[in-house]
Amino acid sequence: MQHRAGFGQWLRALRGTRGLTQEELAEASGSSVRTIREMERGRVRTPQRRTVALLADALGLAGVDRDRFVGLARAGHRPQPGPGGVAASPVVPSELPAAVPSLVGRQAELAVLAQLTSGVTDGSATTASVVVLHGPPGTGKSTLAVAAGHRLGAAFTDGQLFLDLHGTAPTHTGPASEAFADGAFTDGTSAGGASAGGAFTGAAPAGSVDPAEALAGLLRSLGVPEDAIPGPPEQRGRLFRTLTRDRRLLIVADDAADEAQVRPLLPAARHCLTLVTSRRPLTGLTGAVRVTVGLLAPDAAWRLLASITGEDRLAADPTGTAELVELCGRLPLAIRVAGNRLASRPGWPVAQLVAQLADPRRRLTALTAGDLDVRTAFDVSYRRLGATVAGVFRRASLVPGTEFDAGLLAAVTRVDVESAAAAAEDLVDAGLLLPRGDRYAFHGLTRIYARERLALEE
């Protein structure tokens, strides 16, 4: 009955492009709602020729499209996409990029995702179908999402879709009072502006993927021909939700800028799971589960480094290795850069790289390997800060000690306490400060970066 399911998917897609409910199509075609429902589910073995013809009339099909529609209802094969036709792809999409083989220290996060996957695939009404993986730049959010997708994807029998939203794509190189923003995974807006149903009320941030374009890409992945993709964004969203209604899909939306960019891309089906990565927690997404992706524990950081350089090399200098891990701030991106540098210099002892990183003024420059660059990861968040918040970030690097509260921050940054507290919360959301109860802290590399910006700009 595979061809019947194909006809049903096509009927459902065509109905969606025309914005018709099953009841409205039934009334227009003289059929019963039950008949249309059973057809869309692929349960009608032999649709009556007259019924199919009346459906084609109600859907406004003519010429080649009408012939294909009528032929599919009678034949035992799926249609080939053609001009104006909307056909479900016979190929199950499997779009996830290759997974990084050395994922360590993320067992707790993977366990949460595995539990959510079980709840979504068995239709649990209490399980959220959207997960936001958020955290500071360089913590490996995209790497985790892709690795989780490969491990859990088999449960989603209708495929896995991948979107790179470029939410932190650079916009321009102006001062921090203007806009810039992660991209730890290279395959490569503010909350509000769209309803939970996916209405479009504004454009995506400069440099990022517009939601309407992202929807077009999703529809292509689901087999919709280019000339059958609706123009209006709202119609694209309706068609996407129609095509995904009865499917089990895993969708990875990587590097999201904000809630408004993500909302239109969420399927309504309860058997679909969407993993969103973002530097921000996207608190405006109602009902989403949020998983913080933070710094690695010392032993996990060691294991990540060993997976790149080899265990024997680190074991030859355990003290130096422990120091190297801390100089990298236990930040996965920095550790990968350090590991790649050691791997490309097999004659270097660990102590040689430690010596290069020991000087804070040289550390970020040294933590560069090919297109992996720790400073750039911070740059793209910093450039999106408003002028006041950027100033607080720079001057916060002058606060002595490892932690500080809003009062101390206000004293150092020359703003009032309320403004300092608000700026600190913005910096936490941007991944440039770490929350410590009612206090805040840098991790080592972001403090160095803040001091660099202070010296350059003030």
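Residues take their numbers from the sequence shown, with the count starting at 1.
Interatomic distance, Asp429 CG to Leu433 CG, rounded to the nearest 0.5 Å: 10.5 Å. Here CZ of Phe240 is found 7.5 Å from CG of Leu219. Values are rounded to the nearest 0.5 Å. Note that CG of Leu96 is 8.5 Å distant from CG of Leu161, once rounded to the nearest 0.5 Å. The distance from atom CG of Leu367 to atom CD1 of Ile448, rounded to the nearest 0.5 Å, is 8.5 Å. Between the CD1 atom in Ile335 and the CD1 atom in Ile308 there is a gap of 8.5 Å [rounded to 0.5 Å]. Between the CD1 atom in Ile229 and the CG atom in Leu215 there is a gap of 10.0 Å [rounded to 0.5 Å].
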Output, in order, the C-alpha distance, side-chain angles, deciding distance and verdict of side-chain contact (heavy atoms from CB on, under 4.5 Å) for Val428 and Leu434. CA-CA 6 Å; Val428 168; Leu434 302 175; over 6 Å; no

Check against side-chain contact (heavy atoms from CB on, under 4.5 Å), Leu243 and Val224: CA-CA 10 Å; Leu243 291 176; Val224 179; 3.5 Å; yes

Would you please test Leu324 and Leu342 for side-chain contact (heavy atoms from CB on, under 4.5 Å) and show each step? CA-CA 11 Å; Leu324 177 59; Leu342 287 173; 4.0 Å; yes

Between Leu333 and Leu372, is the side-chain contact (heavy atoms from CB on, under 4.5 Å) condition met? List the steps. CA-CA 8 Å; Leu333 175 60; Leu372 296 178; 4.0 Å; yes

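Side chain of Gln261 to backbone of Asp210: no donor-acceptor contact under 3.5 angstrom is found. Put simply, the side chain of Ser278 gets close to the backbone of Ala256: a donor and an acceptor are under 3.5 Å apart. Remark: side-chain polar atoms of Thr117 are paired, donor with acceptor, to backbone N or O of Leu113 under 3.5 angstrom. In this structure, Gln22 contributes its side chain and Ile36 its backbone to no donor-acceptor pair below 3.5 Å. Although no hydrogens or angles enter the test, the distance criterion places no donor-acceptor pair under 3.5 Å between the side chain of Thr244 and the main chain of Arg247. Not one N or O on the side chain of Lys141 forms a donor-acceptor pair closer than 3.5 Å with the backbone of Thr292. No donor-acceptor pair under 3.5 Å is formed between the side chain of Arg241 and the backbone N or O of Pro267. Between the His134 side chain and the Arg290 main chain, no donor and acceptor come within less than 3.5 Å of each other. For the pair Ser381 (side chain) and Phe378 (backbone), a donor-acceptor distance under 3.5 Å is absent. The backbone N or O of Trp348 lies less than 3.5 Å from a partner atom in the side chain of Arg313, making a donor-acceptor pair.
Between Arg330 and Glu326, at least one side-chain nitrogen of the basic residue sits less than 4.0 Å from a carboxylate oxygen of the acidic one, meeting the salt-bridge criterion. Residues Arg395 and Glu458 are paired through a salt bridge, judged by an N-O separation under 4.0 Å between the basic side chain and the carboxylate. Under 4.0 Å is where a charged nitrogen must lie from a carboxylate oxygen, and between Arg263 and Glu259 no such pair does. Salt-bridge formation is detected for the pair Arg15/Glu40: a Lys NZ or Arg NE/NH1/NH2 atom is positioned less than 4.0 Å from an Asp or Glu carboxylate oxygen. A salt bridge does not link Arg303 with Glu311: none of the charged nitrogens is closer than 4.0 Å to a carboxylate oxygen.
For Arg248, the CZ atom sits in a packed shell: over 12 heavy atoms of surrounding residues, nucleotides or ligands are nearer than 6.0 Å.
Using a 4.5 Å heavy-atom cutoff, the side chains of Leu357 and Arg362 are not in contact. For the pair Leu133/Val131, a side-chain contact is recorded, criterion being any heavy-atom separation below 4.5 Å from C-beta on. For the pair Glu95/Ser221, a side-chain contact is recorded, criterion being any heavy-atom separation below 4.5 Å from C-beta on. Within the 4.5 Å cutoff, no side-chain heavy atoms of Pro136 are placed close to those of Leu432. Side-chain atoms of Ser208 and Asp255, non-hydrogen and from C-beta on, never get closer than 4.5 Å to each other. In this structure the side chain of Leu61 reaches within 4.5 angstrom of the side chain of Leu14, judged on heavy atoms. Counting only heavy atoms from C-beta outward, the side chains of Arg236 and Glu213 approach each other to under 4.5 Å. Using a 4.5 Å heavy-atom threshold, the side chains of Leu163 and Val252 count as separate.
Among all heavy-atom pairs drawn from Ala369 and Asn340, the shortest one is CB-CB, 4.2 Å. The two residues Ala145 and Thr277 make their nearest non-hydrogen contact at CB-CG2, 3.6 Å. The two residues Val132 and Pro281 make their nearest non-hydrogen contact at CG1-O, 3.7 Å. Contact detail for Leu295 and His443: the closest heavy-atom pair is CD1-CB, 3.9 Å. For the pair Ala334 and Leu445, the tightest heavy-atom approach, listed with the atom from each and the gap, is CB-CD1, 3.8 Å. For the pair Val325 and Ala301, the tightest heavy-atom approach, listed with the atom from each and the gap, is CG1-CB, 3.5 Å.
A salt bridge (Lys or Arg N to Asp or Glu O under 4.0 Å) check over residues 100-110, counting only residues at least two apart or in different chains, returns the pairs Arg106-Glu109.
In this model, a donor atom of one side chain and an acceptor atom of the other lie less than 3.5 Å apart for Arg394 and Tyr382. For the residue pair Arg375 / Thr365, a side-chain donor-acceptor distance below 3.5 Å is found, with atom types taken as modelled. Side-chain contact check for Gln352 and Arg345: no donor-acceptor pair (N or O, by modelled atom type) lies under 3.5 Å. In this structure, a donor-acceptor pair under 3.5 Å is present between the side chains of Ser142 and Asp254.
The only option from Arg361, Arg363, Gln356 that meets the side chain to side chain donor-acceptor pair (under 3.5 Å) definition with Asp359 turns out to be Arg361. In summary, of the residues considered (Ile251, Val276, Leu165), a side-chain contact (heavy atoms from CB on, under 4.5 Å) with Leu265 occurs for Leu165 alone.
With sequence neighbours left out, Leu110 forms a side chain to side chain contact (heavy atoms under 4.5 Å, CB included) with Leu103, Leu144, Ala148, Arg151. Scored by the side chain to side chain contact (heavy atoms under 4.5 Å, CB included) test, Arg447 finds Ser397, Phe442, Arg451 as partners (sequence neighbours excluded).
In this structure, Tyr440 and Phe404 have tilted ring planes: the angle between them lies in the 30° to 60° band.
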